[in-house]
Amino acid sequence: MLRLLGVLLLGLMPSAGFALCEARDMIDDMPDEARASLEARAAATPYAEGIYWRAERDDTAITLFGTYHFQHDQTQAHLDLLKPRIKAADVVYLEMSNDEQENFQNSVVQDPSLMFMMTGPGLPDLLGDDWTKFSQEMTIRGFPTNAAARLKPLWAAIMLSIGPCEAQNGAMSGKGIDALIGAYASENGVPSKSLEDFKVILRMLDDEPMEKQIEMIRLSLNYPGNPDDMSYTIRERYLDEEIALTWEFTRDISLEFGGETAADDFAKLEDVMLTQRNIEWVDVLSGLEDAREVFVAFGAGHLPGQNGVLRLLEKDGFTITRLALPK
């Protein structure tokens with residue numbers, strides 16, 4: 001769950017950097033029966049596969065691209081494919097526009113309490129005996145121990161969810177496709193806007209009880225699998241456009257290793273970080289009156305499902321068409 005949350009949210013951080021890390025595909029390694037069950041659930045999901053789409057209603061046409069916030073070996077190819085659509089758009093919508101991303105980063109500099117605990121006990125006290133292992137894991141990922149000590153626990157858990165190889169190769173710095181899309185739009189005089197206010201997301205994170213946030217760190221530390229395998233699996237399945245499969249796989253992992261409240265925790269994550277945001281984004285996109293050609297990019301996990309952006313647009317009268325990516 002945290003790995004998916006990291007992919008969903010680290011667009012709020014400086015865009016992720018290129019990290020070509022090889023590991024095992026955990027779905028390929030599943031027993032045949034378990035993999036078949038996983039694939040069946042994914043196949044039953046509306047708009048299960050695909051990251052490149054077109055939605056049309058009356059005079060409005062929306063090109064949608066589901067992103068992976070971390071750079072990968074197809075990032076430039078994807079961007080090159082999208083450039084004509086971006087250039088032709090009246091407006092580009094991102095989870096967070098480049099201007100807003102810069103505002104967020106400036107806000108953290110001006111007010112570190114957005115991400116850090118400025119008073120009271122830090123993580124060494126809150127984690128107790130687990131602090132040593134946590135600090136070692138953060139060091140492996142290139143995050144300074146003194147800064148990690150004051151991180152808000154949920155941000156710490158999200159960063160811990162990034163595989164060591166990916167982190168060592170720049171997963172917390174650089175240029176992912178979200179930022180590249182915004183930059184290309186700006187270069188061509190196309191205005192870009194945010195689908196949401198980043199402060200709303202920060203409030204969502206702060207609303208989680210401290211005890212639950214600390215528990216999430218401990219669950220990450222105790223996960224018996226290889227986080228690099230998890231990173232590799234999600235990235236490669238994204239490149240294969242198997243988005244619902246990735247989400248269902250993450251659900252299974254969360255329920256198996258997420259503790260006694262895992263089912264409720266995952267349901268809450270799905271509702272707060274996907275469903276509610278999807279509804280609000282579709283309200284924005286469905287209410288556009290002046291724009292005839294729209295380009296929108298957001299995390300690919302928001303595309304599929306009964307409450308995914310594509311099905312919600314369909315219910316709002318849009319005709320949905322999948323567009324092909326070059327192979």
Side-chain angles (χ1 to χ4, degrees), residues 1-10 25-49 66 126-127 130 134 152-163 200-201 203-227 229-231 233-234 237-238 242-281 299-312:
M1 178 174 63
L2 281 172
R3 169 66 194 181
L4 239 302
L5 187 58
V7 172
L8 290 170
L9 288 182
L10 283 180
D25 186 312
M26 296 172 66
I27 296 175
D28 281 345
D29 287 350
M30 293 175 68
D32 291 345
E33 184 175 346
R35 186 173 63 252
S37 174
L38 175 68
E39 291 171 346
R41 280 184 282 126
T45 303
Y47 300 106
E49 296 185 359
L126 293 170
L127 285 171
D130 289 323
F134 171 77
K152 288 184 176 180
L154 191 52
W155 280 108
I158 290 170
M159 292 181 184
L160 192 64
S161 73
I162 307 306
V200 173
I201 304 299
R203 284 195 291 270
M204 289 180 183
L205 296 179
D206 282 339
D207 284 345
E208 195 69 22
M210 181 63 70
E211 300 79 17
K212 176 61 69 175
Q213 295 187 41
I214 295 298
E215 180 187 353
M216 292 173 83
I217 294 178
R218 291 198 167 105
L219 287 171
S220 292
L221 291 174
N222 293 327
Y223 171 60
N226 184 335
D229 289 341
M230 179 69 75
S231 299
T233 302
I234 291 176
R237 295 293 175 158
Y238 166 82
E242 297 175 318
I243 309 307
L245 183 71
T246 301
W247 186 255
E248 291 301 322
F249 167 70
T250 306
R251 186 196 308 274
D252 286 353
I253 293 293
S254 298
L255 297 184
E256 184 174 0
F257 299 107
E260 295 180 357
T261 63
D264 289 340
D265 293 340
F266 196 93
K268 181 178 179 180
L269 168 71
E270 194 167 28
D271 180 62
V272 173
M273 299 311 302
L274 284 181
T275 301
Q276 295 306 317
R277 295 169 77 198
N278 292 348
I279 292 170
E280 292 172 4
W281 295 356
H302 294 275
L303 290 169
Q306 289 290 351
N307 296 307
V309 168
L310 294 173
R311 176 50 65 88
L312 293 175

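- Not a single donor-acceptor pair under 3.5 Å links the side chain of Arg237 to the backbone N or O of Trp247.
- Taken to the nearest 0.5 Å, the OG1 atom of Thr275 stands 9.5 Å off from the CG atom of Leu269.
- Remark: the backbone N or O of Gly66 is paired with a side-chain donor or acceptor of Tyr238 at under 3.5 angstrom.
- Between Met26 atom CE and Ile253 atom CD1 the span is 4.0 Å, to the nearest 0.5 Å.
- The shortest heavy-atom contact between Pro304 and Gly301 is CD-O, 3.7 Å.
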Item to complete: List the steps, then state whether salt bridge (Lys or Arg N to Asp or Glu O under 4.0 Å) holds for Glu248 with Arg251.
Response: CA-CA 5 Å; Glu248 291 301 322; Arg251 186 196 308 274; 3.2 Å; yes
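- For Arg311 against Gly305, the heavy-atom pair with the smallest separation is CB-O, 3.4 Å.
- Rounded to the nearest 0.5 Å, atoms CZ (Arg35) and CG (Asp29) are 9.0 Å apart.
- Two residues are said to be in side-chain contact when any heavy atoms from C-beta on lie closer than 4.5 Å; Leu303 and Tyr47 fail this criterion.
- Taking the six-membered ring where the residue is Trp, His302 and Trp281 present tilted rings, their angle falling between 30° and 60°.
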Discussion item. Assess the residue pair Lys268 and Asp271 against the criterion (salt bridge (Lys or Arg N to Asp or Glu O under 4.0 Å)); give the C-alpha distance rounded to whole Å, side-chain angles, the decisive distance to 0.1 Å, and a yes or no.
Written reply: CA-CA 5 Å; Lys268 181 178 179 180; Asp271 180 62; over 6 Å; no
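- Nearest heavy-atom pair, Arg218 versus Asp130, reported as atom, atom and distance to 0.1 Å: NE-OD2, 2.6 Å.
- When all heavy atoms of Ser254 and Ala262 are compared, the pair lying nearest together is O-CB, 3.3 Å.
- Using a distance-only test at 3.5 Å, with no hydrogens or angles considered, a donor-acceptor pair links the side chain of Thr45 to the main chain of Ala42.
- The closest side-chain heavy-atom distance from Met230 to Ile234 is below 4.5 Å.
- Side-chain contact between Thr261 and Lys212 is present, with heavy atoms from C-beta onward closer than 4.5 Å.
- Leu154 pairs in a side chain to side chain contact (heavy atoms under 4.5 Å, CB included) with only one of the listed residues (Met216, Met159, Met210), which is Met216.
- One finds the CG atom of Asp229 at 6.0 Å from the OG1 atom of Thr233 (value rounded to the nearest 0.5 Å).
- Taking every heavy atom of both residues into account, Phe249 and Ile27 meet most closely at CD1-CG1, 3.7 Å.
- Closest heavy-atom contact between Ile217 and Ala157: CG1-CB, 3.8 Å.
- Side-chain atoms of Asn278 come within 3.5 Å of backbone N or O of Asn307 as a donor-acceptor pair.
- With contacts defined as side-chain heavy-atom distances shorter than 4.5 Å, the pair Leu245/Leu38 qualifies.
- When side chains are defined from C-beta on, Tyr223 does not count as touching Glu256, because their heavy atoms never get closer than 4.5 Å.
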